[in-house]
Engineer: 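One structure follows; several queries about it will come next.
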Amino acid sequence: MIINTYPSKDEMGAAAAKKAAEGLKKAIAEKGSAGLIVATGSSQFEMLSALVKEPGIAWDKVTAFHLDEYVGLSADHPASFRGYLKKRFVDLLPDLKVFHYVNAEGDAEAECARLDALIAQTPIDVACIGIGENGHLAFNDPPADFETKKPYLVVNLDEACRKQQLGEGWFPTFEDVPTTAISMSIHHIMMSKTIVCTVPDERKAQAVKDSLEGPVTNTVPGSMLQKHSDCHIFLDEPAASLLS
Ligand code: GLP
């Protein structure tokens, strides 16, 4: 695991985007196509805005998958991750080959089955992810299922995760934050060839320390990243402030 720390979120995001671009370009050069996973949340703002401007990526060769989404939220809700990714990623890349959204408005198990079949055909070269305040990867809250090999799961959201979403201002009240979501599994994230994990903010410092320096345990889902052979962590100084 390679840990990089930057004085500002913009520098952090630019460096993470460069690493992601490098992985995509390498995959396209080697096999003519690339698979990408994109996450959401405030941790991805600077990285995504830099990634869509990276020169030299043949986006028409890139198949991208959405990492996670709330169950029951319409795409036009301000907290919808489909809306987030449409605005910050998909609409800015008209050449993108295909983007597979997670749409959990209807039957969530059926949506997981649909996505499982699609992602089974697409080796993932680069996964762009974050770590939550509670140490979650995607919406795999603690204790996360480290065993399942199913790519997409219906998961329950814990109180800390729902409080984070409220605290970031995505929902008007705690009760408005959904209690379930569809999430890519830890196992499937870990199958990605390269992981680009971007984590800004002081409020993430403990989760960063536990994930990067603590024991590998499903009570800190992010700790699984220690087991990945090509994982690159991009932090700002406040997020890195508790690292030894
Ligand atoms: C969020 C998102 C994920 C993201 C992770 C950490 O809740 N659903 O896509 O990878 O958790 O990011 P953030 O803390 O910025 O939300």
Side-chain angles (χ1 to χ4, degrees), residues 9 12-13 16 20 36-49 51 64-73 75 77-90 99-104 108 115 124 126-142 144 151-171 174 177-186 188-190 192 195-208 210-212 220-225 228 231-236 238-239:
K9 289 192 204 187
M12 170 203 72
L36 171 69
I37 292 168
V38 269
T40 52
S42 60
S43 62
Q44 305 300 305
F45 287 157
E46 294 80 13
M47 194 285 298
L48 284 176
S49 80
L51 182 60
F65 283 86
H66 178 180
L67 183 71
D68 54 2
E69 176 62 293
Y70 298 105
V71 166
L73 218 59
H77 188 286
S80 160
F81 292 137
R82 276 175 296 157
Y84 172 117
L85 287 169
K86 184 176 184 306
K87 178 171 145 198
R88 295 187 171 83
F89 189 71
V90 182
F99 190 83
H100 295 298
Y101 285 104
V102 177
N103 178 346
L115 291 161
I124 299 299
V126 178
C128 296
I129 61 167
I131 297 175
E133 289 175 20
N134 65 352
H136 73 192
L137 290 188
F139 266 144
N140 299 287
D141 287 337
Y152 282 94
L153 313 170
V154 178
V155 294
N156 293 314
L157 300 180
D158 74 7
E159 192 177 320
C161 170
R162 294 174 64 222
K163 280 190 173 149
Q164 176 184 338
Q165 307 305 332
L166 177 69
E168 290 181 8
W170 301 101
F171 296 92
F174 181 70
V177 186
T179 55
T180 54
I182 289 179
S183 177
M184 191 175 290
S185 64
I186 298 282
H188 210 84
I189 294 168
M190 290 291 287
S192 312
I195 293 180
V196 175
C197 181
T198 310
V199 194
D201 293 337
E202 207 262 319
R203 65 196 164 92
K204 301 280 183 76
Q206 189 63 48
V208 165
D210 294 344
S211 295
L212 308 189
V220 184
S223 64
M224 188 52 120
L225 294 174
H228 196 277
C231 179
H232 304 260
I233 311 284
F234 296 87
L235 308 172
D236 67 356

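In this chain, numbering begins with 1 at the start of the sequence shown. Note that ligands are numbered from 1 as they come in the structure, with each ligand's atoms numbered from 1 the same way.
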Engineer: Distances for all N or O pairs of ligand 1 and the protein under 3.5 Å?
Structural biologist:
{"unit_1": "ligand 1", "atom_1": "7 (O)", "unit_2": "H136", "atom_2": "NE2", "d": "3.4"}
{"unit_1": "ligand 1", "atom_1": "7 (O)", "unit_2": "Q165", "atom_2": "NE2", "d": "3.0"}
{"unit_1": "ligand 1", "atom_1": "8 (N)", "unit_2": "D68", "atom_2": "OD1", "d": "3.2"}
{"unit_1": "ligand 1", "atom_1": "8 (N)", "unit_2": "D68", "atom_2": "OD2", "d": "2.8"}
{"unit_1": "ligand 1", "atom_1": "9 (O)", "unit_2": "T40", "atom_2": "N", "d": "3.1"}
{"unit_1": "ligand 1", "atom_1": "9 (O)", "unit_2": "T40", "atom_2": "OG1", "d": "3.3"}
{"unit_1": "ligand 1", "atom_1": "9 (O)", "unit_2": "D68", "atom_2": "OD1", "d": "2.8"}
{"unit_1": "ligand 1", "atom_1": "9 (O)", "unit_2": "D68", "atom_2": "OD2", "d": "3.3"}
{"unit_1": "ligand 1", "atom_1": "10 (O)", "unit_2": "G130", "atom_2": "N", "d": "3.4"}
{"unit_1": "ligand 1", "atom_1": "11 (O)", "unit_2": "H136", "atom_2": "NE2", "d": "2.7"}
{"unit_1": "ligand 1", "atom_1": "12 (O)", "unit_2": "S43", "atom_2": "OG", "d": "3.2"}
{"unit_1": "ligand 1", "atom_1": "14 (O)", "unit_2": "Q164", "atom_2": "NE2", "d": "2.6"}
{"unit_1": "ligand 1", "atom_1": "14 (O)", "unit_2": "K204", "atom_2": "NZ", "d": "2.7"}
{"unit_1": "ligand 1", "atom_1": "15 (O)", "unit_2": "S42", "atom_2": "N", "d": "3.2"}
{"unit_1": "ligand 1", "atom_1": "15 (O)", "unit_2": "S43", "atom_2": "N", "d": "2.9"}
{"unit_1": "ligand 1", "atom_1": "15 (O)", "unit_2": "S43", "atom_2": "OG", "d": "2.8"}
{"unit_1": "ligand 1", "atom_1": "16 (O)", "unit_2": "Q164", "atom_2": "NE2", "d": "3.4"}

Engineer: Indicate yes or no for a side-chain donor-acceptor contact from D68 to the backbone of F139 under 3.5 Å, with no hydrogens or angles considered.
Structural biologist: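 A pair under 3.5 Å: yes.
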Engineer: For the residue pair V155 and D141, establish whether any side-chain heavy-atom pair is separated by less than 4.5 Å.
Structural biologist: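 A side-chain contact under 4.5 Å is absent here.
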Engineer: Taking the inter-plane angle between the rings of H66 and Y101 on a 0 to 90° scale, is it parallel (under 30°), tilted (30 to 60°) or perpendicular (over 60°)?
Structural biologist: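 Answer is perpendicular, since the angle exceeds 60°.
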Engineer: Between H136 and L157, is there a donor-acceptor pair closer than 3.5 Å when you use the side chain of the first and the backbone of the second?
Structural biologist: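 Such a contact is absent between H136 side chain and L157 backbone.
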Engineer: Could you tell me whether the side chain of N134 and the main chain of A160 form a donor-acceptor pair under 3.5 Å?
Structural biologist: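 Pair absent, no side-chain N/O of N134 close to backbone of A160.
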Engineer: With the side chain counted from C-beta on, respond yes when S211 and V220 share a heavy-atom pair under 4.5 Å apart, and no when they do not.
Structural biologist: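 Side-chain contact under 4.5 Å: yes.
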